[in-house]
Amino acid sequence: MSHIGPHALLRQAAGLSALGQVKNLLKSQYGYEDSVAGLVIQKFNTKLEEHFDSSAEINVDELRTLLLERAIQETNGCEPDHSLAAECYFLWKSTRLQHIHIPDEVKAMLRKLRQSYKLLLLTNGSSTVQWEKINTCLCQQYFDAIVVGGEHEEQKPARSIFQECCRLLGVKPEACVMVGDSLKTDIEGGVNAGLSATIWVNSTNLKPEGESAVPDYTVKSVLDVMDILEDIKSKV
């Protein structure tokens, strides 16, 4: 049996820390009031979500710098300030990467799993952005293969990218388990691809929406996946 699945890698905490650093820079170095700096951060974060782009064609650094420049301009009603936006963006980027890591207990779990399973990391997103995070976390040593959606024609939840993952591992879909924290991309994709089972990591107790894909299992922590896999294995 093989396991196809991503881990959040503390993305949310890393993002919040990075946004906090930018807010502090605007306040301490550029005299922004706390509420104004906070509004810039809010606008930038919203624009990041709206302009999430996973294509390999786009220069992500340039796009995100522009989004931050627009956030500053919209907040202040001022002329575009590209140099300030660039300074803030690269502070955000460097801080975010510094705070992205795989917890030690997850590393230990992955090492143990790899003794019995083939492991593949599948992530949506831009090739440049995702490989920065993958390399920062040294993910290669924990997985047999890594697939970045931005390098393919289709991404999760498209069936084709799951088929590509199975091909890389040399296994059939019915021998694979998908582990992920997104019902829309991870779980729906695993269901569409006909995988053996899907495991939803729901660490924040989210309530599924009406049309959401239904996971076979739901766990609070990714560390609970070990027990679920043993249960699945016992039924094969």
Side-chain angles (χ1 to χ4, degrees), residues 1-12 100-125 130-131 133-135 137-149 151-152 154-209 211-236:
M1 183 181 292
S2 300
H3 158 220
I4 301 176
H7 178 60
L9 303 178
L10 305 184
R11 288 185 308 243
Q12 185 176 8
I100 291 178
H101 67 282
I102 304 176
D104 290 342
E105 59 270 27
V106 177
K107 292 178 182 178
M109 182 190 73
L110 291 172
R111 292 191 190 99
K112 187 172 182 179
L113 282 174
R114 210 169 169 201
Q115 295 173 9
S116 304
Y117 301 92
K118 293 181 179 180
L119 302 184
L120 183 146
L121 174 65
L122 171 60
T123 177
N124 281 359
Q130 296 307 90
W131 278 107
K133 291 186 284 187
I134 290 165
N135 291 330
C137 296
L138 303 176
C139 289
Q140 292 89 332
Q141 63 186 298
Y142 304 106
F143 296 91
D144 296 281
I146 295 174
V147 175
V148 176
E151 299 173 352
H152 297 265
E154 294 183 300
Q155 304 191 69
K156 298 182 294 183
R159 186 177 181 181
S160 63
I161 198 161
F162 286 87
Q163 292 174 329
E164 173 63 11
C165 291
C166 292
R167 186 192 68 78
L168 286 172
L169 291 179
V171 297
K172 295 181 179 180
E174 55 266 29
C176 292
V177 173
M178 178 67 193
V179 181
D181 57 8
S182 169
L183 284 176
K184 178 61 181 176
T185 59
D186 300 323
I187 305 308
E188 182 178 320
V191 171
N192 290 344
L195 303 191
S196 172
T198 56
I199 304 174
W200 182 34
V201 182
N202 183 14
S203 59
T204 56
N205 291 319
L206 291 175
K207 301 299 181 184
E209 298 178 359
E211 298 181 358
S212 297
V214 179
D216 296 295
Y217 302 89
T218 299
V219 295
K220 178 78 172 177
S221 166
V222 71
L223 297 175
D224 297 330
V225 166
M226 287 281 289
D227 293 336
I228 300 298
L229 291 175
E230 285 303 310
D231 180 63
I232 294 172
K233 192 174 181 180
S234 69
K235 296 176 181 177
V236 175

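Keep in mind the model is a prediction, meaning the values are calculated, not measured.
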Q) Where do Leu120 and Asp144 land on the side chain to side chain contact (heavy atoms under 4.5 Å, CB included) test, with the steps shown first? A) CA-CA 6 Å; Leu120 183 146; Asp144 296 281; over 6 Å; no
Taking all heavy atoms of [X] and all of [Y], pick out the closest pair and write down the distance.
{"X": "Cys165", "Y": "Val147", "result": "SG-CG2, 3.9 Å"}
{"X": "Cys166", "Y": "Pro173", "result": "SG-CA, 3.8 Å"}
{"X": "Cys139", "Y": "Ile102", "result": "SG-CD1, 4.0 Å"}
{"X": "Val201", "Y": "Val179", "result": "CG2-CG1, 3.8 Å"}
{"X": "Gly125", "Y": "Val148", "result": "O-CG1, 3.6 Å"}
{"X": "Leu169", "Y": "Lys118", "result": "O-NZ, 2.6 Å"}

Q. For atom CD of Gln141, is the number of surrounding heavy atoms from other residues, nucleotides or ligands below 6.0 Å larger than 12?
A.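 Enclosed: over 12 neighbouring heavy atoms sit under 6.0 Å from CD of Gln141.
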(Q) Is it the case that over 12 heavy atoms from other parts of the model lie below 6.0 angstrom from the NZ atom of Lys220? (A) yes
Q) Side chains of Asn135 and Gln140: is there a donor and an acceptor less than 3.5 Å apart? A) yes
Q: For Lys112 and Gln115, test the side chains for any donor-to-acceptor distance below 3.5 angstrom and give the result as yes or no.
A: no
How many angstroms lie between [atom1] in [X] and [atom2] in [Y], if you round to the nearest 0.5 Å?
{"X": "Thr204", "Y": "Asp181", "atom1": "OG1", "atom2": "CG", "result": "8.5 Å"}
{"X": "Ile187", "Y": "Asn192", "atom1": "CD1", "atom2": "CG", "result": "11.0 Å"}
{"X": "Leu119", "Y": "Tyr142", "atom1": "CG", "atom2": "OH", "result": "12.0 Å"}
{"X": "Ile146", "Y": "Leu168", "atom1": "CD1", "atom2": "CG", "result": "11.5 Å"}
{"X": "Lys107", "Y": "Cys137", "atom1": "NZ", "atom2": "SG", "result": "8.5 Å"}
{"X": "Met178", "Y": "Thr185", "atom1": "CE", "atom2": "OG1", "result": "6.5 Å"}

Q.
Set out, in order, the CA-CA distance, both residues' side-chain angles and the distance that settles side chain to side chain contact (heavy atoms under 4.5 Å, CB included) for Thr123 and Lys133, then state yes or no.
A. CA-CA 11 Å; Thr123 177; Lys133 291 186 284 187; 5.9 Å; no
Q. Stepwise, does the side chain to side chain contact (heavy atoms under 4.5 Å, CB included) test hold for Leu122 with Phe162?
A. CA-CA 9 Å; Leu122 171 60; Phe162 286 87; 3.9 Å; yes
Tell me whether [X] contacts the main-chain N or O of [Y] through its side chain, where contact means a donor paired with an acceptor under 3.5 Å.
{"X": "Ser196", "Y": "Ala175", "answer": "no"}
{"X": "Asp224", "Y": "Ser221", "answer": "yes"}
{"X": "Asn124", "Y": "Gln155", "answer": "no"}

Q: Please test Phe143 against Leu110 for side chain to side chain contact (heavy atoms under 4.5 Å, CB included), starting from the C-alpha separation and ending with a verdict.
A: CA-CA 8 Å; Phe143 296 91; Leu110 291 172; 4.1 Å; yes
Q) Heavy atoms, side chains only, cut-off 4.5 Å: are Glu164 and Arg167 in contact? A) yes
Q. Knowing that exactly one of Ile199, Thr218, Val177 qualifies, which makes a side-chain contact (heavy atoms from CB on, under 4.5 Å) with Ile228?
A. Ile199
Q: Take Glu230 and Lys233 through the test salt bridge (Lys or Arg N to Asp or Glu O under 4.0 Å) and record every step on the way to the result.
A: CA-CA 5 Å; Glu230 285 303 310; Lys233 192 174 181 180; 5.0 Å; no
